Student: 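Below are the structure tokens for one structure; questions will follow.
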Amino acid sequence: MTELSWKSVFFQLLLAAGGITIFTAGALLKNKPKHLLFGLATGTVLCAAIAAFLIDGGRAPFFQMLDVGDYARFFNVLFAMAALFALLFSHRHAGLRRVAGDEFYGLMILAVLGMSLVAGATQWLVFFLGFELLSLSFYILIAMRRDAPSGIEAALKYLIMGMVSSGFLAFGIAMFYAATGTLDMPVGLTATKSTGSATGMLLSLGLILTAAGFKISLVPFHLWTPDVYQGAPTPVTALLTAGSKIAVFAGLLRILILSSNWLWERSAPVLWMLAAATLLIGSVTALAQTRVKRLLAYSSVAQMGYAVMGALSVRADGGLAVIFYFTAYALMDLGAFGVIATLCASPESDLDALDSYRGLGYSHPWQAALLSICLLSLAGLPPTAGFIGKFMVFKAVLQAGYFVLAMIGIASAILSLYVYLKVIVVMFMKPNTVTAVTSGFGTAARLALAMILCGVLWAGVFPSPLQTLISRAIAAISI
Amino acid sequence: MTVFNIIFYIAAAIVVGATGLAITRKQVVHAVCYLVISFMGTAVLFYILGAPLLAALEVIIYAGGIMVLFLFVVMMVKDTPPSIDKPSRVKRWLPAMILAGTSALISGLLVFADPGNRLRPPIVTGTPQEFGNILFKDYWFPVEIASLLLLAALIGAHYLGRRADHPEDTP
Amino acid sequence: MKPVLFLLLSFPLLGALLVSLIGRHLSRRAVETIACTAVAASFILALTAFLLSGQKAYSLTLARWFAAGSFQVGLDLYYDPLAAVMALMVTFVSSLVHLYSVGYMRYDNGYIRYFCFLNLFVFAMLVIVTAGNLVFLYLGWETVGLCSYALIGFWYEKPEAANAGAKAFVVTRLGDVAFGIAIAICWVTLGHLSVSGIHDSAAGIDASRAGIIGCFLFLAAIGKSAQLPLSVWLPDAMAGPTPVSALIHAATMVTAGVYLLMRFFPVIQASMPLMAVIACVGILTICFGALGALIQKDIKRILAYSTISQVGYMFLALGAGDVAGSLFHLIAHAFFKSLLFLGAGCIIQALHEEQDIFRMGGGLRQKMPQLFWLFLAGTAALGAFPLTAGFFSKDRILLAVFLQPQAGYKLLWVIASMAAMITPLYAFRLFIIVFFGKSQSPSGPAKASPTSVPDVMTRVLWPLAFFSVFLGFLNLPLNWAGKEWLAQYLAAVPGSAMELHASSKMESAMQLGSALLTIIMVIVACIYYGTRVESVETGTETLLSKMQALFRNGFYLDRLYQTRITAPYRAAAGLLWQKVDAGWLDAGLNQSARSFLTLAETLRLWTTGRVSRYVSMMVAGFALILCSLTLAWWYLLI
Amino acid sequence: MNTSPLLGTIVFLPLFGALAALLYWHNERTCRLLALTVMLADLVLVLFLFTLTPHFREPAGGNWLRVEDFSWMDALGIRFTLALDGISLMLILLTTVIGALTVLISWNEIKEHVAAFHFFLLAMMTGVLGVFLAMDVFLFYLFWELQSIPMFFLIGIWGHERRIYAAVKFALFTISGSLVMFLALLGLHLLHARQSGETTFALHQLIQTSFNLPLELTFFAAFALAFAIKIPMFPLHTWLPDAHTEAPTAGSVILAGLLLKTGVYALLRFAFPLFPHAAQLFTPLLLILGLTGIFYAGWIALAQTDLKRLVAYSSISHMGLIIVGIAVWNLTTLSGSLLQMINHGITTSALFILIGMLDERLHTRRLSDLGGLWKTLPVWSGFFLFFSLASIGLPGLNNFVGEMLILIGTFTRQPWAAAAGFIGLLLTVVYVMRMLRESIWGEARISPGIADLTGRELTILIPLTVGALWLGLHPGPALELFGTALTVPDLVKGLPILTP
Amino acid sequence: MTIPFTHMLFLAILLFVMGAACAMTRKNLFLILIGVEVMLNAAGIAFVAAAMRWLDMNGQIMVLFVMTAAAAEIAVALALIICFQRQSGSTNADRLSLLKG
């Protein structure tokens, strides 16, 4: 490609610019003006979202490295929105926790940039760099509260795991390169069509799956998830679950879609096993949790299992189901963590112990109601986005002929239903031991939660528009 | 059996040996020193595998930069209790060894099973010129990203390195 | 005809509704008036219908009830001589009982409930009598059960009354199950449920089918008519008010079973073995009842046992194929038994609820002479004293049994005649001890002078007494230059056309014989019970006392059911609930659910919080992925 | 096919009412009145539907009295299709009536979180109505799930001592069952799509699907499982006694009066027509389970000490008879079962209502604390006696007709089953007699001076009484509606065609 | 001149698993980091070897970026370790045990 179409990467440019501006603003202006930074950040992601929504970069990848087509655009909008919600949650939260500095906002934006790179990369180098940028920003975001031991601990755990995983990724890419001689995803993945036994590809696939599996916390790479979710500031958790997971999964999905049948046949069993293990272990372990964030962490592990189910059936329906599921999942989890972000036991600490949620339904009806709706949606009950998502995933997986997996999925759904009901029971049905809950939405969080609620219900009742968007997105990469 | 081969195998042996020592030391400082040796060996390998520039960078960045940084920090942190840990406990090493062994074996098998890997590539040196050309002609976009990456790292390191009770943070 | 029958049914129902809905807003007098008029009106209508109908049979439909597919049921009526006679009897007796109740219940506050259910009962009984199809008949059948339940338990605060009501309902319901099955079989085999239709097609069906249907009908009848082995509820049912015992548990409801069999006699007739069975059950019940009545102390229980025994005669008659005889005895029995009950009611009230005949202090003859004569009439009729109604009706039955060709019936005849000797014994035992006996009550002297009862209570007894003495002329045997009017009248009713072609010589011989026997037994009774003082409790375990105990407790049948059926059933229910449902099924499910929680607790330990563990798990996962990839590759390679 | 969304209105009116009730959270009285008016309005709409019945009697062209079909998620082959026939008509009538009554019942009983209570109450009404009207299988499933969630809250928030246990148990049972059905439903959808090439969830199209037997059996089993849990059928019934005992009166009434019915209805409307051959193979099992249920529950009911629990077990037993009717599958039994659904709805609801009223007065439901109630509460006892007699199938009252039809119809196919059923009725008599003996008869144990039924309570009970008498004495019209609906070929494709 | 490509890959794999083993077993945070460095280094070797095998420059360039990323991560990691050490006074990874279960 000869001339560069700048506007095709306008999204990324905007984010980079925004990030740098915020840093500089934070560096130059004394006594960091929180609201200015917040405004800058939200403005950036909002504009970015709009840009990604409006500007069509065309099919040709930018620099043969970065997909700027509908597929990437869809996810970019998703990430930008997720970041927007996370920022809105953090407005009051970050203020209370005294982390609302330029680093917080700027790194959030850089994280979004990393996501968009991971999701859009058509070339391994970009994928790797995006992966690194993403992880790096999150290491710091998780550790934002330097005074809180749990935050640092979570960050260190995530960091160590993340570095090992990036080691795996790097080595995986190396193997890929060694096997195919190219760093270009489509070329490399389709190359193996011809050569009968590109076993090197299997090795690299294994390595890359490990790295990705860590990021999207599949069993047995999920162990960090509860710790980090619990330790991180809640808005960061929200972005972590709704952003980075989806980004990595989008990249993985691209790989699966592009990979040759030879590779697919050999990798499907692995995915099957991962899905089954994730579904069962995730939902079972959640049963015993007594802290809401950990509980949600395990439940999100189980949710990833459904995502992998959808990914397995990508050959049957082109990934429509899984992407829809992800969108729904992002909404629900953002909602759930958003509500939690508005609840504090004390200005310093989150409301985390399940028992401290007793009688929340009556002391804070709105939060409780929102949380319940998000939980019911996670449980896959109508009329919510989660229900349609589950519906599509199960349909797809049956279409692909994985009956046993579908059964496992149902079993896991029943188990996790109990988990979500447990929270609802505590909020509405346990005798009200009133906890000193000094919490409330700020305007920002209220706005965000309202939007999310609408989204959850709207996608649950009228999913068609979303589906058309998604089908256009997957039409852009299916080869 | 040319001199190149000999150098390659010797260097490889050195690298493996040094690494092996590095990962088994009690004292962090010793580990770092052995690691420096292994990086030197890696540099040699890079050189004979036709990547002179990378060889140089390996010495400069890894051995020169990162490891020194390591040492600084290790010095700076006073470890209580001093960061000595006893690596030689079987119950801790055995599972790791088994896992590592199996994965190594299977990976080796997979690599070996690929006929494409059997051939013996000729040596061609990638000169710094063409390296630079390609880097800044085709790869300036990743370079930009890398710069952002470093920026983020910088900010983060600075933020985390500061004492928590920094006046700026308390609103 | 239709309006008449419609009104005949609707008057008592209307009465019941009025009383129950607005009764609490009316004066007591008004309520009593409504109830009595309703029944009296239906008696008049029954009379009109009887006169209008002649000997024809009418089957007509009041309304459609329900229909699904081919199964259709209407509120049909079937009115023929049999129904006519029954209707007359029922309405007559019940109107008298209503009048009597006005006096009897004069102090009771539950009078609204009482009259409501009494009216409802009359309605239901008339439904049974005139129903044109089985389902509609079943409606009446169940409703009389309900009324009897409610009226037995009328004094619900007395535990024995409440229990007796429930017991009666459940036991009779046992029979009703059979009724339901009978309906179903009829539907499946005959294809319709109307009485007339069944009469028509009865001839067509083979004996075995008819036997099955008849058998279930017979079971139903057993339940209602307190025949063996379901007789246990009737003695307890005496816990209810005495008029109720008179109407429901003597005159009408208990004979409904007999009426059911008469109604469908063509079906019964079709299978000979069934007839035999009916006869045998009848004869057993006769003896059972007679022996029971012989030894009781409680006046009402004596009458109850005698009822069982008398109804047994009716079954025996049916078993012998003599519908007319059975009906004859039914009506006679209705009159004299209700007479006796109502009389007993007077005595009981006069003596302040004293029911033990040995503590009535005797000598009531002087104190209530009017009642003495009335009671004597009833007793004579019950005891089949010559020329009373009982005499003729019982004779006819014995004759019919004797005339049956099969040898077995001769045996039955012998037993029946012997049982017929016991009847006057217990009848006059009761009479003599109540009216002549001296006070043998251990608890001091007898009651002070009995309070007088309202005149209405004694007045209504006269017509009953009249009929129980002279009803015999309704069906005078041929050798008495009688026309056997009842038999003639019933000739139209299918199945009841039975000719007792007996030589008048033999007939008169039998009458003479039984008359003599009766008189002898009466004399025996007078001597035995008039002189001898019966010890109230028998200390020594002589054989006699054992026998007495046996009879007094109705052959321990009741206790048998209690210990062998009721108690185990209740216990099993408890076990089934605690052990099986809660203890096994529910607990099992909960346990399996809880096992997941324990599993979760163990899985928690996996997340140790040690980062090195996490890394190792990561590598382990990598190794696993690699293995499976290699295996897949290997598998697809070979 | 008419497009004025009358049925849609009927279904969603309660939901709007529910949301509106939330707006008045601060004013309890308004909430109650609002809920009441909404349900009454719904009732009026349903009654208006009856005016359409005449030209329903001869189904011209379409077999439905009314069909409303709107495009919804066409990409997934899901349409918003509601259709009405005689069966649905009677059932939504029952639903709206009971819905209105439940509001009245809770007038004094529910004192806290009134708005939320009515929100869930009305939301559930929408669910139930939807289940009875939906003809798109996906839509049906949606409503099916929708009705169980509010119930969970009703039991869990406003229930008695062990309410949480009961609520969670209820939710887990019902929802796990329906999830299994969900899978089968998708399988059916995909199979049909593969065969006909069109993606649809419309019932009348899915009926055309042809299976190999094992698959059909699996699907039927999955569907039947969900429905059997809701009904509840014998081994899966354990959630019901707890749910009934712990639920508030309104909850018990809705549970017994409506939710249980949805199970039977779904069995009749979906499971049997969709998988006819499997259904016929399963018939013996259903028969046996139904009969077992009759005896098992009827027997256990005798041992109960808590009135509500007793009635709960009795309703398991009654549902067993209904299952028998469905399993035998001929016109008589089906009409009987449908009628019996309505009857059971009336009778059992009435009993629960009465027990609730008693509980409000005496704060106990233990039989051992009661006795001689006729002395203190004659009117209450009168009604209690009346409905108890109705529930033992006294001729002239509603249950008799249903039971008679079921048993007679069963006798033509399965004499022994029918005989067993008749005997089962005897068990009913036994425990009902005990119940009456220990509650309204016997010596009075409770202190006199407790007020008898109030006007509000009478207004609740009288409609039910009238209904019981009406269906007992003149069930003709209802049976006619059922008959016409049942003889529609669509319903029974592949099954023995029912001919009048 | 001829060195079998497989040998180079074997070497890389060997180093990689050594690094992994180190990260798995060591408790000291610095030593864990060292393990990770070794892993990345192994990746580098593999890249260079592959670049030579395909006569293609991209591999070598990739190595440069891997080094960059490694440097960046190490910087942040060390900063975090310092934080942690300030709080808990230790660099022992097993002290990271607030969050578990």
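Just so it is clear: chains get the letters A, B, ... in the order the sequence lines come, proteins before strands, and each one is counted from 1. Since the model is a prediction, treat every value here as computed from it, not as a measurement.
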Student: To the nearest 0.5 Å, what is the distance between CG (Asp242(D)) and CG (Asp586(C))?
Tutor: 6.0 Å

Student: Cationic tip of Arg570(C) within the cone over Trp299(D)'s six-membered ring, i.e. under 6.0 Å and within 45° of the normal?
Tutor: no

Student: Measure Asn163(C) against the heavy atoms of chain D and call it side chain, backbone, both or neither at under 4.5 Å.
Tutor: both

Student: For Leu174(C), is it the side chain, the backbone, both or neither that has a heavy atom under 4.5 Å from a heavy atom of chain D?
Tutor: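 It is both, since atoms from each part get that close.
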
Student: Measure up the Phe66(C) and Phe400(D) rings against each other and bin them: parallel (under 30°), tilted (30 to 60°), perpendicular (over 60°).
Tutor: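 Aromatic pair Phe66(C)/Phe400(D) classed perpendicular.
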
Student: List in chain and number order the residues that pass side chain to side chain donor-acceptor pair (under 3.5 Å) with Ser208(C), two or more places apart in sequence or in another chain; answer none if no residue qualifies.
Tutor: Asp206(C)

Student: Please report the closest heavy-atom contact between Glu443(D) and Pro159(C), naming both atoms and the distance.
Tutor: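 Where Glu443(D) meets Pro159(C) most closely, the heavy atoms are OE1-CG, 4.1 Å.
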
Student: Side chain, backbone, both or neither: which part of Leu405(D) has a heavy atom under 4.5 Å from chain C?
Tutor: side chain

Student: Just verifying a value: how many Å separate Asp581(C) CG and Ile316(D) CD1, rounded to the nearest 0.5 Å?
Tutor: 7.0 Å

Student: Is Arg309(D) close to chain C through its backbone or its side chain, or both, or neither, when contacts mean heavy atoms under 4.5 Å?
Tutor: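 Only the side chain of Arg309(D) comes within 4.5 Å of chain C.
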
Student: Would you give the length of the straight line joining atom CZ of Phe411(D) to atom CD1 of Ile185(C), rounded to the nearest 0.5 angstrom?
Tutor: 4.5 Å

Student: Using non-hydrogen atoms only, which part of Tyr149(C) is less than 4.5 Å away from chain D: side chain, backbone, both, or neither?
Tutor: side chain

Student: Heavy-atom cut-off 4.5 Å, strictly under: side chain, backbone, both or neither for Tyr313(D) against chain C?
Tutor: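 Answer is side chain: those atoms of Tyr313(D) sit under 4.5 Å from chain C.
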
Student: Would you mind telling me which of Gly165(C), Gly153(C), Ala572(C), Gly574(C) has the largest number of heavy-atom pairs within less than 4.5 Å of chain D?
Tutor: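 Going by pairs under 4.5 Å, I would pick Ala572(C).
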
Student: Enter the distance from Leu146(C):CG to Leu389(D):CG here, rounded to the nearest 0.5 Å.
Tutor: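 Answer rounded to 0.5 Å: 5.5 Å.
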
Student: Nearest 0.5 Å, what's the CD1-CD1 distance between Ile181(C) and Ile423(D)?
Tutor: 5.5 Å

Student: Just so I understand: if I count every heavy-atom pair under 4.5 Å between each of Val135(C), Val170(C), Leu585(C) and chain D, which residue has the most?
Tutor: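 The option with the most such pairs is Leu585(C).
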
Student: Can you tell which part of Ile440(D) gets under 4.5 Å to a heavy atom of chain C, answering side chain, backbone, both or neither?
Tutor: backbone

Student: If you compare all heavy atoms of Gly442(D) against all heavy atoms of Ala162(C), which two are closest, and at what distance to 0.1 Å?
Tutor: N-CB, 4.3 Å

Student: Which atoms of Trp239(D) are under 4.5 Å from chain C, going by heavy atoms: the side chain, the backbone, both sets, or neither?
Tutor: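 Contact with chain C is absent: no heavy atom of Trp239(D) under 4.5 Å.
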
Student: With no hydrogens and no angle check, is any side-chain donor or acceptor of Tyr156(C) less than 3.5 Å from a backbone partner on Lys375(D)?
Tutor: yes

Student: In Å, rounded to the nearest 0.5 Å, how long is the span from CH2 of Trp155(C) to CH2 of Trp441(D)?
Tutor: 14.0 Å

Student: Quick one: which of Lys167(C), Glu142(C), Arg24(C), Arg173(C) has the most heavy-atom pairs under 4.5 Å with chain D, could you say?
Tutor: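 Highest number of heavy-atom pairs under 4.5 Å: Arg173(C).
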
Student: Using a cut-off of under 4.5 Å for heavy-atom pairs, which of Leu75(C), Val580(C), Val73(C) has the most such pairs with chain D?
Tutor: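 Looking at each of Leu75(C), Val580(C), Val73(C) in turn, Val580(C) comes out on top.
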
Student: So does Tyr561(C) have more than 12 non-hydrogen atoms from other groups sitting under 6.0 Å from OH?
Tutor: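 Yes, OH of Tyr561(C) has more than 12 neighbouring heavy atoms, counting only those of other groups under 6.0 Å.
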
Student: Name the region of Phe173(D), side chain, backbone, both or neither, that has any atom closer than 4.5 Å to a heavy atom of chain C.
Tutor: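 Only the side chain of Phe173(D) comes within 4.5 Å of chain C.
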
Student: Could you check which of Leu407(D), Val401(D), Thr332(D) has the highest count of heavy-atom pairs closer than 4.5 Å to chain C?
Tutor: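 If we count pairs closer than 4.5 Å to chain C, Val401(D) comes out on top.
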
Student: Quick one: which residues of residues 186-195 of chain C reach chain D at under 4.5 angstrom, heavy atoms only?
Tutor: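 Only Trp187(C), Val188(C) of residues 186-195 of chain C have a heavy atom under 4.5 Å from chain D.
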
